[in-house]
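Model, not experiment: these values are computed from the prediction. Side-chain atoms are counted along with the backbone in the values below, which use heavy atoms only and exclude waters and symmetry mates.
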Amino acid sequence: MDRITRMIEKIAAFFTENVMEPIKQMSITDCIDVLLLTVILYMVIRFVSNRRAGKLATGCLLIIAVFVIAEMSDMHAMKYILSNFYQVGFIAIIIIFQDELRTALEKVGGFSSKLVSGIEKQSVSAGAIEVREFVDEISDAVFEMSESNTGALIVIECNTKVGDCIETGTEIDAKVSSELLQNIFVDKSPLHDGAVIIREMRLTAAGCRLPATKRKIGKTLGTRHNAAVGLSEIASDALVIVVSEETGIVSLCFNGEMKRNYTKEKLTKELFGRLSKEKRKQRFLSDKHHSHQSSNGADESQL
């Protein structure tokens, strides 16, 4: 009984010293600090909740809770074991969560790029016409294959490069056309089993192998769908189109999520919207780079 009483007294003292006293001494800066930390924690929880890392994160939190209880209760054996665990815990977390950490950093980078590109005015230009023609060729091919139940897997690379996947296939480097895409995915053609990868609106490679997702996405979905989701988890801004060989249903994967049952109009609209944003972003950053080089050249000539 005395042990339980001492434990309760320690918990109360810990709460008073580490919670109540800091609250009394909080300034406006401290409030902002806590608010920012709360937002970051909320974003982290949202990020891991729908991924396989969610259960691992829950396990880590339980270990931390046990360590706190052991610290307050003077459980010497438990403290010794957990203190040794924490010495290598940080490295272990990086290894276990490497895919999730990479995706999170890509999201942060993509968000900052959106802030930069947001100051550019939207305008209809030759670039938009080029994107429209490119999207029309893909949509025509996709829905021709959908009608004949021809399986297809098409990756449109954006900012995150997928060179490691390109290396697994056969390099082509050709202009994208509906006819070329359909010929690649004809049954029993040499390259029909893998994925086509498009880079900078050119068909770069075919017959490429993509990493499969480790999540369960549905019993009715096959290897193409698993590979599409898997790549979009790694290259979160890539657009991956799947045509089901069994049903002809067209799906689109982006940022680790899959949407299904696309019509031709819906797919064309979504591809054009996303690729137009990427095109404007790349053009703006390219113009900024050339402007910087020109100013450096002018400075050198003055010297």
Taking atom [atom1] of [X] as the centre, report whether more than 12 heavy atoms of other residues, nucleotides or ligands fall under 6.0 Å from it.
X: Ile28; atom1: CD1; answer: no
X: Arg209; atom1: CZ; answer: no
X: Lys266; atom1: NZ; answer: yes

[X] [atom1] to [Y] [atom2] distance, which is reported to the nearest 0.5 Å:
X: Thr223; Y: Leu153; atom1: OG1; atom2: CG; value: 8.5 Å
X: Tyr262; Y: Ser146; atom1: OH; atom2: OG; value: 14.0 Å
X: Phe254; Y: Leu271; atom1: CZ; atom2: CG; value: 11.0 Å
X: Ile249; Y: Asn261; atom1: CD1; atom2: CG; value: 4.5 Å
X: Ile40; Y: Leu37; atom1: CD1; atom2: CG; value: 6.0 Å
X: Ser251; Y: Met258; atom1: OG; atom2: CE; value: 5.0 Å

Should Lys269 and Glu265 count as an ion pair when the cut-off is N to O under 4.0 Å?
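No.
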How close do [X] and [Y] get, counting heavy atoms only, and between which atoms?
X: Cys165; Y: Thr168; result: O-OG1, 2.5 Å
X: Ala174; Y: Leu180; result: CB-CD2, 3.9 Å
X: Arg215; Y: Asn226; result: O-OD1, 4.3 Å
X: Thr150; Y: Val243; result: O-CG1, 3.3 Å
X: Ile217; Y: Leu221; result: O-CD1, 3.3 Å
X: Ser139; Y: Thr268; result: OG-OG1, 2.9 Å

Evaluate Val240 against Ile154 for side-chain contact (heavy atoms from CB on, under 4.5 Å), listing each step before the verdict.
CA-CA 6 Å; Val240 190; Ile154 301 170; over 6 Å; no
Polar side chain donor-acceptor pair, Ser178 to Gln182, under 3.5 angstrom
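A donor-acceptor contact under 3.5 Å links the two side chains.
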Is the closest side-chain donor-acceptor distance between Asp237 and Thr160 under 3.5 Å?
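Yes - a donor-acceptor pair under 3.5 Å links their side chains.
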Under 3.5 Å: donor-acceptor pair, side chain of [X], backbone of [Y]:
X: Ser189; Y: Val186; answer: yes
X: Asp33; Y: Thr29; answer: no
X: Ser236; Y: Ile234; answer: no
X: Thr247; Y: Ser244; answer: no

Determine, stepwise, if the pair Glu233 / Thr213 fulfils side-chain hydrogen bond (donor to acceptor under 3.5 Å, both in side chains).
CA-CA 8 Å; Glu233 288 173 339; Thr213 181; 3.0 Å; yes
Kindly determine whether Glu270 and Arg274 satisfy salt bridge (Lys or Arg N to Asp or Glu O under 4.0 Å), including the steps that lead there.
CA-CA 6 Å; Glu270 184 155 350; Arg274 292 189 182 278; 3.3 Å; yes
Consider only side-chain heavy atoms of I, L, V, M, F, W and Y, link residues closer than 4.5 Å, and tell whether [X] and [Y] are in one cluster.
X: Leu191; Y: Val176; result: yes
X: Ile156; Y: Ile166; result: no
X: Val242; Y: Leu203; result: no
X: Val135; Y: Leu239; result: yes
X: Met201; Y: Ile138; result: yes

Would a 4.5 Å heavy-atom cut-off, applied to side chains only, mark [X] and [Y] as touching?
X: Glu157; Y: Glu200; result: no
X: Glu171; Y: Thr204; result: no
X: Val196; Y: Cys208; result: no

Evaluate side-chain contact (heavy atoms from CB on, under 4.5 Å) for Val162 paired with Ile197, printing each intermediate quantity in order.
CA-CA 9 Å; Val162 292; Ile197 297 180; 4.0 Å; yes
Begin with the C-alpha distance, continue with both residues' side-chain angles, and end with the deciding distance and a verdict on salt bridge (Lys or Arg N to Asp or Glu O under 4.0 Å) for Lys175 and Glu137.
CA-CA 10 Å; Lys175 182 180 179 181; Glu137 291 291 337; over 6 Å; no
Test of understanding: with side-chain contact (heavy atoms from CB on, under 4.5 Å), list the residues that count as partners of Glu245, not counting sequence neighbours.
Arg224
Could you go through Ile198 and Val155, starting from their C-alpha distance and side-chain angles, then the distance that decides it, and tell me whether this counts as side-chain contact (heavy atoms from CB on, under 4.5 Å)?
CA-CA 6 Å; Ile198 297 170; Val155 178; over 6 Å; no
